[in-house]
2 protein chains.
Amino acid sequence: MTDQRPSARTGRDRGIPDATVARLPVYLRALSALADAGSDTVSSEELATSAGVNSAKLRKDLSHLGSYGTRGVGYDVELLTEEISLALGLSQRWAVALVGVGNLGHALAGYAGFASRGFRIAALLDADPARVGELIQGINVQHIDDLPAVVEHEGISIGVIATPAPSAQLVCDQLVAAGVTSILNFAPCVLSVPDGVDVRKVDLSIELQILSFHENRKAFGAQPNQFAKKQPPGRLTTLPGGAAGTPPAREVVNE
Amino acid sequence: MTDQRPSARTGRDRGIPDATVARLPVYLRALSALADAGSDTVSSEELATSAGVNSAKLRKDLSHLGSYGTRGVGYDVELLTEEISLALGLSQRWAVALVGVGNLGHALAGYAGFASRGFRIAALLDADPARVGELIQGINVQHIDDLPAVVEHEGISIGVIATPAPSAQLVCDQLVAAGVTSILNFAPCVLSVPDGVDVRKVDLSIELQILSFHENRKAFGAQPNQFAKKQPPGRLTTLPGGAAGTPPAREVVNE
DNA sequence: ATTTGTGAAAATATTCACAGCG
DNA sequence: CGCTGTGAATATTTTCACAAAT
């Protein structure tokens, strides 16, 4: 969205495109579901459908990792899972520090999806002395001033900021000073960090505002329902098993 | 990230680009901060900096809304705020239904950023009868089966899904059937919806996995298998101002 | 003097369509 | 055959750089 271009190679290219990296976790989840369902192999078409993308994009994305498919057959679910995990650096278990144990912090601390994807919440911290000592999900809340020690001791390289906006930059600075080099920011503000530190943000109200835009257009928009000239040929596949009580259906992931 | 292209006009263009729409809320927030700080006008350079983008992008983005700046001067903070709000459809107060009042649902229900940006949580719903009747933030939790009545009565067009993944598609179908046309999905799964319904998702573990990718690269060099010709020039910079409180700083927003 | 607004250029991302492999 | 992997074609987004406006 900005300036931050964590992946872009400075000059000539030879890495995985950002857009692809952002989709790999989605493929991973789809693969996980397929494996649970007992599939050994998947075609790009199937996998793409369950990930909510089209198959050309999926194949192009996977091609950046190497050639792990078999022509005429598809991809081995287990092998592909491993390769994507490897590419994402998920073969190791990252230790994460979560700062701010308010409402949202509590919810994040209890979020099962972290653990299941190779992340371990190694520390909970807060600036409020009243919160220090509280036990959340079996983890003791420590004071933010202990950050340097905790980061060092636990080998933490990823920090999550779930504080109110006014404290976020200070916490961010503390995380960086302690050696954290990747930050996930839930506070609704822009963070400034030195080069070499990656920041991603999740902003709930921004997402709603984007929906507001589309909602508004649906209501008053220029092209309420597009004058479809003839229907973009085979796009927007009507999914096979379009449930009974549910409309036609279109796979959708995001943005 | 996928297929869903809520805004893209089918053929010729005549709308605000998606990438721009996604940044408008950020500008709005920066403007709000500037107004609080007492500024009457801002240059594209200043506003861009506080929003974490570069000024060319900012100006290009704003140019899609019209010409609201004054050459040689800058933008009137109040006027620009109004114009962006208008473009985003925030001049009206959207009623939102939040489904799933577990950990995350509780946190979302209490999130101040919604109300402050023109959204009103008009209903909390859950499928668990044990939760019905609970009072959260002054709002009574209702049973999901009451959805149609509630949506109609409150004029709800935006739904937020904060249920576990296995229930998300069902809830989504119910929201759509009740008339909701925009959905913000926090459940880690792909939703399928009919045409005309917009979905955005927020996936906490995906964000972490993306950070993992970058963290991994920082740890094991840019190209694991790269026959690097000469060293990618200035990458992986040893942070300039390193220690001492906080480093040089670089504005960062996201993706 | 400044600073906007914008064509044109460059960089990214997506989609097409098919050669080639199993 | 069927399906992957990928060049080539599009589409979108970002950046440059400067004429025009105040």
Side-chain angles (χ1 to χ4, degrees), chain A residues 1-24 27 41-49 51-77 79-80 83 232-237 253-255, chain B residues 1-24 27 41-49 51-77 79-80 83 253-255:
Chain A
M1 174 165 293
T2 292
D3 210 342
Q4 170 217 46
R5 297 301 319 299
S7 83
R9 241 58 62 262
T10 305
R12 40 243 102 262
D13 218 279
R14 226 281 89 255
I16 305 178
D18 282 355
T20 295
V21 171
R23 281 185 295 263
L24 291 179
Y27 302 154
T41 59
V42 256
S43 67
S44 61
E45 193 60 45
E46 295 171 278
L47 183 53
T49 298
V53 303
N54 69 39
S55 61
K57 194 187 280 182
L58 171 73
R59 289 199 302 277
K60 179 70 93 178
D61 281 342
L62 295 186
S63 76
H64 292 293
L65 309 189
S67 272
Y68 300 112
T70 307
R71 297 176 193 227
V73 179
Y75 301 89
D76 180 89
V77 172
L79 173 63
L80 190 54
E83 291 301 338
R235 283 207 77 260
L236 254 297
T237 65
V253 172
N254 211 29
E255 152 114 350
Chain B
M1 175 163 297
T2 290
D3 211 341
Q4 169 218 45
R5 296 300 318 300
S7 82
R9 241 61 56 262
T10 305
R12 41 243 103 264
D13 219 281
R14 224 273 96 251
I16 303 178
D18 282 355
T20 294
V21 171
R23 280 186 295 264
L24 292 179
Y27 302 154
T41 59
V42 256
S43 67
S44 61
E45 192 61 46
E46 295 172 277
L47 182 53
T49 299
V53 302
N54 69 40
S55 60
K57 194 186 283 182
L58 172 72
R59 289 199 301 277
K60 178 70 91 180
D61 281 343
L62 295 186
S63 77
H64 292 293
L65 309 190
S67 271
Y68 300 113
T70 307
R71 297 177 192 225
V73 178
Y75 300 90
D76 180 272
V77 172
L79 173 64
L80 190 54
E83 291 300 338
V253 172
N254 212 29
E255 155 110 353

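Order of the sequence lines sets the chain letters (A, B, ...), proteins ahead of strands, with each chain counted from 1.
Note on B:Tyr75: a side-chain N or O is less than 4.0 Å away from OP1 or OP2 of C:dG5. Put simply, B:Thr70 has no side-chain N or O that comes within less than 4.0 Å of OP1 or OP2 on D:dT22. Residue A:Arg23 places at least one side-chain N or O closer than 4.0 Å to OP1 or OP2 of C:dT14. Between A:Ser44 and D:dC3 there is no side-chain N or O to OP1 or OP2 distance below 4.0 Å. Residue A:Ser43 places none of its side-chain N or O atoms closer than 4.0 Å to OP1 or OP2 of D:dC3. Proximity of A:Ser67 to the phosphate of D:dG5: a side-chain N or O atom is located under 4.0 Å from OP1 or OP2. Between A:Lys57 and C:dA13 there is no side-chain polar atom (N or O) within less than 4.0 angstrom of OP1 or OP2. The phosphate of D:dT14 (OP1 or OP2) has no side-chain N or O of B:Asn54 nearer than 4.0 angstrom.
Picking from C:dA8, C:dA13, C:dT15 the nucleotide with the shortest atom distance to the side chain of A:Lys60 gives C:dT15.
Rounded to whole angstrom, the span from the CG atom of A:Leu58 across to the P atom of D:dT6 amounts to 14 Å. Between the CZ atom of B:Arg59 and the C1' atom of D:dT14 there is a distance of 13 Å, given to the nearest Å. Whole-Å rounding puts the A:Leu62 CG to D:dG5 P distance at 7 Å. Here the C1' atom of nucleotide C:dT4 and the CG atom of B:Leu65 are 14 Å apart, to the nearest Å. Rounded to whole angstrom, the span from the CD atom of A:Glu45 across to the P atom of D:dC1 amounts to 20 Å. One interatomic measurement links the two molecules: CG of B:Leu80 to C1' of C:dG5, which rounds to 14 Å at whole-angstrom precision.
In terms of position on DNA chain C, the residue among A:Asp61 and A:Val73 whose nearest nucleotide sits closer to the 5' end is A:Asp61. In terms of position on DNA chain D, the residue among A:Ala56 and B:Ala56 whose nearest nucleotide sits closer to the 5' end is A:Ala56.
Residues A:Ser43 and A:Tyr75 share a closest heavy-atom pair of C-CD1, 4.5 Å. Taking every heavy atom of both residues into account, B:Glu46 and B:Thr41 meet most closely at OE1-O, 4.4 Å.
In terms of polar N and O atoms assigned as donor or acceptor, the side chain of A:Arg71 never comes within less than 3.5 Å of the base of D:dG2 in a complementary pairing.
Counted by atom type alone, B:Asp76 and B:Tyr68 present zero donor-acceptor pairs between their side chains at under 3.5 Å.
Remark: A:Asn54 CG to A:Lys60 NZ distance equals 12.0 Å, nearest 0.5 Å.
The backbone N or O of A:Ile16 sits nowhere less than 3.5 Å from a side-chain atom of A:Thr20 that would complete a donor-acceptor pair.
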